[in-house]
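Here is the naming used below: chain letters follow the sequence lines, and residue numbers restart at 1 for every chain.
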Number of protein chains: 2
Amino acid sequence: MPKVSQNKAEIILQAALKQFAENGFHCSPVSQLAICADVGVGSIYRYFKDKDALIHAVFKHVDSQLQQAVSRDFDAGLSAQKQHIQLIVNLIYYLKEHPHEFKFLEQYYSSPYGSEEKHAKFLRSEINEPPNPFVSLFANICQKNQQKLPLPLYLAMTFGPVIFVLRDALSGHVDLDDVLIEQIAAASWRALET
Amino acid sequence: MPKVSQNKAEIILQAALKQFAENGFHCSPVSQLAICADVGVGSIYRYFKDKDALIHAVFKHVDSQLQQAVSRDFDAGLSAQKQHIQLIVNLIYYLKEHPHEFKFLEQYYSSPYGSEEKHAKFLRSEINEPPNPFVSLFANICQKNQQKLPLPLYLAMTFGPVIFVLRDALSGHVDLDDVLIEQIAAASWRALET
DNA sequence: CTTTCCTGAATGAACGTTCCGTCAGTTATA
DNA sequence: TATAACTGACGGAACGTTCATTCAGGAAAG
């Protein structure tokens, strides 16, 4: 037995993701997280300094999986349009099939926890991180067309509709089928053309 | 609200809007609301059954003012494109200049409080409410072009970018000037064309 | 005086965090 | 190998804090 079973930390992380997504940070008492992970309350504090640290750890975990999923089958040889649509479709598919991850990220980014992180991702171009495919694609688009497309416009027309439609799909008000997904991706590309 | 000072309820409502927007529902204790409104804690419970009722009352207040602001200068005689852009610009302007209202609405809609309300607004076409200008315009667009544009796509491409860019503007990461506002409105119209 | 309005200390529930006893697994001793 | 001593992961009762809500009583209005 290792000092700290790597398994138990993982179990806590998964249980926390589920609880946070379903009930929100504030309505997920540590006692409830413990029950959901089938673990004593004290054990959570063995693996994570406090509740905040747990929330950040869940984010890190979710974010890295999302990055991976979005970049899947990415082909830099395709046209900018095809790349764009591929990324959007990947993004929607992944989040549609991982509603817990989506709800968690929404909460995280719109809370004091993630208000910095959000833009660090796009406005800095940091080293030692895997290059964000959306950022590279945007740079690509700007270079090809000499149009001066502002980054905030690109982000708004790209992620805005995705987030909006995912919310509606998750709340059960909208049936987000393959056709609608393709339509969203195509429309968001049209929005960027001039 | 029976026989009670009209004024004091209003003061509480405004103070609550400010506090909720700045600190969130969960970090706005009733004691703090009372201090901010310069009333006793008990008085809040004279005007509102409990904290939840207060939150719903703030929503009703904010929502009605927003509806009014968006419909300003609305001219049904203009082209669908011009109408669309006018509505979007109105919406962005109002929310940009009323950040408390925006932050409150964001919180409200993405909390258990407003998960129903949100879509009641669009998916039902209820009587005895003032007609939603976006809904009428959408019906208009669908009639003119015989394209079968699904409502969820329209909503996503219309409100998605607006919400996204407003978030960034509010967090100080983006300078949402008149040019960008026009660009967003124009892009969202382009997204709907086929 | 009677009634209405208002207050903030008091209340109890719920929460995050701590702390210590328990015990399975590991090492030391013979 | 058998036994004793040690170690640190683990659980959950207990603690202190914070919150929404209440209520007894004071102030104002009539």
Side-chain angles (χ1 to χ4, degrees), chain A residues 1-61 103-104 107-108 110-114, chain B residues 1-61 103-104 107-108 110-114:
Chain A
M1 284 281 175
K3 279 194 164 189
V4 169
S5 123
Q6 62 269 44
N7 194 25
K8 195 153 265 192
E10 184 73 24
I11 288 170
I12 293 170
L13 233 39
Q14 289 296 339
L17 169 61
K18 183 172 148 70
Q19 284 292 313
F20 288 148
E22 288 176 357
N23 298 104
F25 297 147
H26 286 284
C27 296
S28 299
V30 177
S31 59
Q32 186 59 42
L33 301 179
I35 291 170
C36 186
D38 198 31
V39 152
V41 178
S43 298
I44 291 177
Y45 286 87
R46 168 164 301 278
Y47 293 94
F48 305 96
K49 185 181 159 290
D50 52 22
K51 197 180 174 182
D52 280 14
L54 174 57
I55 290 171
H56 281 112
V58 172
F59 169 74
K60 234 181 130 179
H61 189 252
K103 291 214 82 177
F104 176 86
Q107 241 184 114
Y108 183 82
S110 66
S111 74
Y113 300 111
Chain B
M1 288 163 222
K3 35 189 166 186
V4 280
S5 144
Q6 181 64 28
N7 195 24
K8 196 154 264 190
E10 184 73 21
I11 289 171
I12 293 170
L13 232 41
Q14 289 297 339
L17 169 61
K18 183 172 147 68
Q19 285 292 313
F20 288 148
E22 288 175 359
N23 298 104
F25 298 148
H26 286 284
C27 296
S28 299
V30 177
S31 59
Q32 186 59 43
L33 301 179
I35 291 169
C36 187
D38 198 31
V39 295
V41 178
S43 297
I44 290 177
Y45 287 86
R46 167 164 299 278
Y47 294 93
F48 305 96
K49 183 179 160 291
D50 55 21
K51 197 181 175 183
D52 281 13
L54 173 57
I55 290 171
H56 281 112
V58 172
F59 169 73
K60 234 181 130 180
H61 188 252
K103 291 214 83 178
F104 175 85
Q107 241 184 113
Y108 183 82
S110 67
S111 74
Y113 299 113

So which protein N/O to nucleotides 12-16 of chain C N/O distances come out below 3.5 Å?
residue: dG16(C); atom: OP1; partner: K51(A); partner atom: NZ; Å: 2.5
residue: dG16(C); atom: OP2; partner: V30(A); partner atom: N; Å: 2.8

Within 6.0 Å of CG in D52(A), more than 12 heavy atoms from elsewhere:
yes
Can you tell me the distance, in whole Å, between the CG atom of D52(B) and the P atom of dA20(D)?
10 Å
Nearest whole Å is fine: how far is dC19(D) C1' from L33(B) CG?
12 Å
How are the rings of Y108(B) and F59(B) set to each other: parallel, tilted or perpendicular (split at 30° and 60°)?
parallel
Tell me the interatomic distance from I44(A), atom CD1, to dG12(D), atom P, rounded to whole angstroms.
12 Å
If the test is side-chain contact (heavy atoms from CB on, under 4.5 Å), which one of V58(A), I55(A), L13(A) qualifies with F48(A)?
L13(A)
Which atom pairs link the protein and nucleotides 8-11 of chain C when you take only N or O atoms and keep those under 3.5 Å?
residue: dG8(C); atom: N7; partner: G42(B); partner atom: N; Å: 3.4
residue: dG8(C); atom: O6; partner: G42(B); partner atom: N; Å: 3.4

Using a 3.5 Å distance criterion without hydrogens, assess whether the side chain of K51(B) forms a donor-acceptor pair with backbone atoms of S28(B).
yes
Is there a side-chain contact between L33(B) and L54(B) in this structure, where contact means two heavy atoms from C-beta onward sitting under 4.5 Å apart?
yes
Spacing of I11(A) atom CD1 relative to dG11(D) atom P, expressed in whole Å:
10 Å
Please state whether the phosphate of dC10(D), meaning OP1 or OP2, lies under 4.0 angstrom from any side-chain nitrogen or oxygen of K8(A).
yes
R46(B) CZ to dA27(D) P: how many Å, rounded?
17 Å
How long is the straight-line distance from NZ of K8(A) back to CZ of R46(A), given to the nearest 0.5 Å?
10.5 Å
Value rounded to 0.5 Å, distance of NE2 in H26(A) from OG in S111(A):
8.0 Å
In whole Å, I'd like the distance from the NZ atom of K49(A) to the C1' atom of dT18(C).
13 Å
Can you tell me the distance, in whole Å, between the CD atom of Q32(B) and the P atom of dC19(D)?
9 Å
To the closest 0.5 Å, what do you measure between SG (C36(A)) and CD1 (I11(A))?
11.0 Å
Rounded to whole Å, the CD-P distance (Q19(B) to dA20(D)) equals 12 Å
Indicate every side-chain donor-acceptor pair of residues 17-25 of chain B with a distance under 3.5 Å to a residue at least two apart or in another chain.
residue: K18(B); atom: NZ; partner: E22(B); partner atom: OE2; Å: 3.2
residue: E22(B); atom: OE2; partner: H100(B); partner atom: NE2; Å: 3.1

